[in-house]
Participant: 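Got a structure for you, questions after.
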2 protein chains.
Amino acid sequence: MALLSKSCVYGIRAAILMAIKGNEEFISIKDIAKDLNLSAHFLTKILQQLTQEGLLLSHRGPKGGVKFSREPKLIKLIEIVAAIDGLELFEECALGLHGCGTATPCPLHEKWSEHKLVLRRLFETESLEKLADNVQEAGLRLRTLSQLDILEFNKNKRL
Amino acid sequence: MALLSKSCVYGIRAAILMAIKGNEEFISIKDIAKDLNLSAHFLTKILQQLTQEGLLLSHRGPKGGVKFSREPKLIKLIEIVAAIDGLELFEECALGLHGCGTATPCPLHEKWSEHKLVLRRLFETESLEKLADNVQEAGLRLRTLSQLDILEFNKNKRL
DNA sequence: AGTATTAAAGACTCTTTTATCCTAAATTAA
DNA sequence: TTAATTTAGGATAAAAGAGTCTTTAATACT
Ligand code: SF4
Ligand code: SF4
């Protein structure tokens with residue numbers, strides 16, 4: 001199990017890429033998909049969710065694409081996670097018990113609920129812009145790697 | 001996305017139940033499944049993984065069942081997670097990038113790798129016995145709830 | 001020896017996630 | 001107005017996860 005679904009990871013990567021490109025004009029999803037080495041159709045579906053949540057604005061036709069509805073600086077990672085995976089991760093019990101109540105807490109309750117909060121803060125704190133800066137500084141590596149890429153990487157041990 | 005797969009959660013619940021029952025004799029999987037309100041066949045599959053990892057001993061035939069290969073006191077939660085879900089959660093990047101290297105870290109690297117460690121320590125620290133005690137003190141609630149149970153719960157708002 | 005009990009193993013089904021493909025609707029530009 | 005471009009949306013397919021069912025093998029008890 002990964003922490004986030006693949007869709008969510010792709011969504012985050014796309015958002016970081018968009019933040020890097022700035023938010024001046026609409027960016028075509030096809031271009032983003034090409035940069036990330038993803039299927040454009042698939043990415044379209046994912047970004048649709050962000051559009052429906054009001055995080056992105058979209059525009060059809062030539063010169064169309066998507067852009068953030070507000071400054072990337074103000075958009076936190078958790079907003080993207082919430083739109084795609086939901087907030088379950090930060091709100092549910094690690095043991096998956098329903099009918100939670102602090103009156104009769106299940107095992108792990110204390111430690112996990114404390115931890116959930118820390119995790120949540122992490123995603124609430126990180127803004128897209130900060131991540132974008134970080135990517136640029138360190139040398140971008142957002143691209144989904146194909147099998148060939150991985151072979152290449154293993155040969156070169158740097159990418 | 002949940003933190004742990006359902007199989008893993010079931011495995012942990014079963015293990016806690018077993019720890020509560022003590023480790024004197026083999027416990028029948030059918031009985032555990034009944035207590036947890038799970039399919040016995042399904043639980044068998046899950047516990048098989050723990051047996052194959054050497055965490056449990058199994059024995060067929062009448063009076064057969066499973067028991068821990070060592071004291072529940074010594075068994076940490078992470079061992080069960082490792083056997084069922086693997087350690088990916090504690091070892092992989094939150095953004096799912098391959099070819100990780102601290103030389104050219106991807107965004108989130110610092111925060112997430114720090115956090116991964118905390119999460120790992122949490123699972124490394126909690127022993128089955130401690131959880132079992134906790135369950136008993138607070139009033140056991142390991143049972144998987146059926147839809148009927150949930151209705152019932154919502155009526156009573158306590159379980 | 002024979003029967004009942006129990007885990008192991010594998011075939012199979014159902015659901016969810018991931019991914020692809022095709023068509024429709026909106027929009028721009030010529 | 002026509003053609004090209006681009007997101008939206010639905011149908012479908014493939015893969016993984018969750019769960020069921022049947023058969024087999026081991027074991028204990030009579
Ligand atoms: S008691 Fe705590 S850990 Fe258990 S379900 Fe409730 S919040 Fe989650
Ligand atoms: S750079 Fe850090 S976060 Fe990125 S893949 Fe490597 S370990 Fe994971």
Side-chain angles (χ1 to χ4, degrees), chain A residues 1-14 18 25-34 36-69 81 83-86 88-89 96 144 146-147, chain B residues 1-14 18 25-34 36-69 81 83-86 88-89 96 144 146-147:
Chain A
M1 296 288 290
L3 195 73
L4 304 172
S5 73
K6 281 197 170 195
S7 294
C8 191
V9 168
Y10 297 157
I12 292 173
R13 288 191 210 167
M18 287 172 65
E25 31 188 33
F26 288 100
I27 308 167
S28 123
I29 296 180
K30 198 167 68 179
D31 289 351
I32 303 175
K34 200 173 291 170
L36 297 181
N37 198 27
L38 285 176
S39 140
H41 284 297
F42 190 34
L43 187 59
T44 299
K45 278 224 166 87
I46 295 167
L47 296 187
Q48 254 174 54
Q49 299 181 69
L50 300 185
T51 305
Q52 282 159 1
E53 289 295 320
L55 228 62
L56 298 182
L57 301 173
S58 72
H59 195 68
R60 302 193 211 192
K63 303 259 174 183
V66 287
K67 59 179 287 192
F68 293 108
S69 59
V81 175
I84 298 175
D85 275 355
E88 183 197 343
L89 178 63
T144 292
S146 65
Q147 286 310 317
Chain B
M1 296 288 291
L3 195 73
L4 303 173
S5 71
K6 283 199 169 194
S7 294
C8 192
V9 168
Y10 297 155
I12 292 173
R13 288 192 209 167
M18 287 173 66
E25 30 188 34
F26 288 100
I27 307 166
S28 122
I29 296 179
K30 197 168 67 178
D31 289 350
I32 303 174
K34 200 174 291 170
L36 296 181
N37 197 27
L38 285 177
S39 140
H41 284 300
F42 188 33
L43 187 59
T44 299
K45 247 186 207 148
I46 295 166
L47 296 187
Q48 254 174 55
Q49 299 181 70
L50 300 185
T51 304
Q52 282 159 3
E53 289 296 319
L55 228 61
L56 298 183
L57 300 174
S58 72
H59 194 69
R60 302 195 211 190
K63 303 261 172 181
V66 288
K67 59 179 288 190
F68 294 109
S69 58
V81 175
I84 298 175
D85 276 356
E88 183 196 344
L89 178 65
T144 293
S146 66
Q147 287 310 317

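Numbered from 1 within each chain, the chains take letters A, B, ... in sequence-line order.
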Participant: Among the nucleotides dG9(D), dT7(D), dA26(D), which one has an atom lying closest to any side-chain atom of R60(B)?
Facilitator: dA26(D)

Participant: Is there a side-chain polar atom (N or O) of Q52(A) under 4.0 Å from OP1 or OP2 of dG9(D)?
Facilitator: yes

Participant: Check the distance between dT27(D)'s P and L57(B)'s CG and give it to me in whole angstrom.
Facilitator: 13 Å

Participant: Looking at CE of M18(A) and CD1 of I29(A), how far apart are the two atoms once the value is rounded to the nearest 0.5 Å?
Facilitator: 8.5 Å

Participant: How close or far is atom P of dT6(D) from atom CZ of F26(A), stated in whole angstroms?
Facilitator: 13 Å

Participant: Given atom CD of E88(B) and atom C1' of dA16(D), what is their separation to the nearest angstrom?
Facilitator: 13 Å

Participant: If only side-chain N and O atoms of K6(A) are considered, is one of them under 4.0 Å from the OP1 or OP2 phosphate oxygen of dA19(C)?
Facilitator: yes

Participant: Using the test ring pair (Phe, Tyr, Trp, His ring centres under 6.0 Å), find all partners of F42(B) that sit at least two apart in sequence or belong to another chain.
Facilitator: Y10(B)

Participant: From CG of L50(A) over to P of dA8(D), roughly how many Å is that when rounded to an integer?
Facilitator: 11 Å

Participant: Does Q49(B) reach the side chain of L55(B), with side-chain heavy atoms less than 4.5 Å apart?
Facilitator: no

Participant: Side-chain contact test, heavy atoms from C-beta onward, threshold under 4.5 Å: evaluate it for L57(A) versus V66(A) and give yes or no.
Facilitator: no

Participant: To the nearest Å, how far apart are L36(B) CG and dG19(D) C1'?
Facilitator: 15 Å

Participant: Might you confirm whether atom NZ of K67(A) has over 12 heavy atoms from other residues, nucleotides or ligands at distances under 6.0 Å?
Facilitator: yes

Participant: So which one's nearest nucleotide on DNA chain C is more toward 5', P62(A) or H41(A)?
Facilitator: H41(A)

Participant: Starting from P on dA7(C), measure out to CD1 on I46(B) and report it in whole angstrom.
Facilitator: 14 Å

Participant: Can you work out whether C8(A) or G61(A) has the more 5'-proximal nearest nucleotide on DNA chain C?
Facilitator: C8(A)

Participant: Can you check whether any acceptor in the base of dT7(D) is under 3.5 Å from a donor in the side chain of K30(A), or vice versa?
Facilitator: no

Participant: Using whole Å, report how far CD of E25(A) lies from P of dT28(C).
Facilitator: 14 Å

Participant: Hey, does Q49(B) reach any base, or is it just sugar-phosphate, or nothing, if we go heavy atoms under 4.0 Å?
Facilitator: nothing

Participant: How close or far is atom P of dT6(C) from atom CD1 of I32(B), stated in whole angstroms?
Facilitator: 12 Å

Participant: If only side-chain N and O atoms of Y10(B) are considered, is one of them under 4.0 Å from the OP1 or OP2 phosphate oxygen of dA18(D)?
Facilitator: no

Participant: Relative to the 5' end of DNA chain D, which residue comes earlier, S7(B) or G65(A), by the nucleotide with the nearest heavy atom?
Facilitator: G65(A)

Participant: When you measure from the side-chain N and O atoms of H59(B) to the phosphate of dA28(D), is any distance below 4.0 Å, counting only OP1 and OP2?
Facilitator: yes

Participant: Tell me whether the OP1 or OP2 atom of dT20(C) has a side-chain N or O from S39(A) closer than 4.0 Å.
Facilitator: yes

Participant: Is the phosphate of dA9(C) approached by Q48(B) (side-chain N or O, under 4.0 Å from OP1 or OP2)?
Facilitator: yes

Participant: Compare all side-chain heavy atoms of L38(B) with those of I46(B) and state whether any distance is below 4.5 angstrom.
Facilitator: no

Participant: Base of dT20(D), side chain of K45(B) - is there a donor-acceptor contact under 3.5 Å?
Facilitator: yes

Participant: So, is S58(B) near the phosphate of dT6(C), with a side-chain N or O under 4.0 Å from OP1 or OP2?
Facilitator: no

Participant: Which residue lies toward the 5' end of DNA chain D, I29(A) or M1(A), if each is placed at its nearest nucleotide?
Facilitator: I29(A)

